Amino acid sequence: MTEEEKVEKKKGSSRKILRRLLIPLLLLIALIGGMLVGYVVVGGRDIGSAFDYQTWKHIFDLVFAP
């Protein structure tokens, strides 16, 4: 195995790790951002209450109520 092949193999594995970490992180940021925009902009609520645990618990209970 030549030195160039070793570098390419190492570069490929680091990209896979980066993708495995970056994509879920970006999805999580998009989810939180969308929830905040929906709650504050569309819902017309205060941004301070958007970070309250009881607010999201109440929304979860409303969505998944039997």
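On a predicted model such as this, the values are computed, not experimentally measured, just so you know.
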Hydrophobic cluster identity match, Leu31 and Ile59, side-chain contacts under 4.5 Å:
yes
Note to self: For Tyr53, give me all partners under ring-ring contact (aromatic ring centres under 6.0 Å, His included), at least two apart in sequence or on another chain.
What the structure shows: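 In terms of ring-ring contact (aromatic ring centres under 6.0 Å, His included), with neighbours along the sequence ignored, Tyr53 is linked to no residue.
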Considering only residues two or more places apart or on different chains, which pairs with a residue in residues 17-36 satisfy salt bridge (Lys or Arg N to Asp or Glu O under 4.0 Å)?
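Checked against salt bridge (Lys or Arg N to Asp or Glu O under 4.0 Å) - neighbours excluded - no pair reaches residues 17-36.
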Of Leu27, Leu26, Leu21, the one forming a side chain to side chain contact (heavy atoms under 4.5 Å, CB included) with Ile23 is Leu27
Residues 21-34 vs side-chain hydrogen bond (donor to acceptor under 3.5 Å, both in side chains), sequence neighbours excluded, gives none
Got a sec, which pairs hit salt bridge (Lys or Arg N to Asp or Glu O under 4.0 Å) with one end in residues 57-66, sequence neighbours left out?
->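 Listed once each, the pairs are Lys57-Asp61.
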**Study point:** Joint cluster assignment, Ile29 & Ile47, ILVMFWY side-chain distance < 4.5 Å
**Key:** no
Task: Hphob cluster co-occupancy, Leu28 + Phe60, side-chain heavy atoms under 4.5 angstrom - done: yes
- Query: Is Met35 linked to Leu25 within one hydrophobic cluster, defined over Ile, Leu, Val, Met, Phe, Trp and Tyr using a side-chain heavy-atom separation of less than 4.5 Å?
  - Reply: no
Quiz item: For Phe51, what residues pass the ring-ring contact (aromatic ring centres under 6.0 Å, His included) criterion, not counting sequence neighbours?
Solution: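 Not a single residue meets the ring-ring contact (aromatic ring centres under 6.0 Å, His included) criterion with Phe51.
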Show which side-chain atoms of residues 37-46 pair as donor or acceptor with protein atoms under 3.5 Å away, not counting sequence neighbours.
from, atom 1, to, atom 2, distance (Å)
Tyr39, OH, Ser49, OG, 3.3

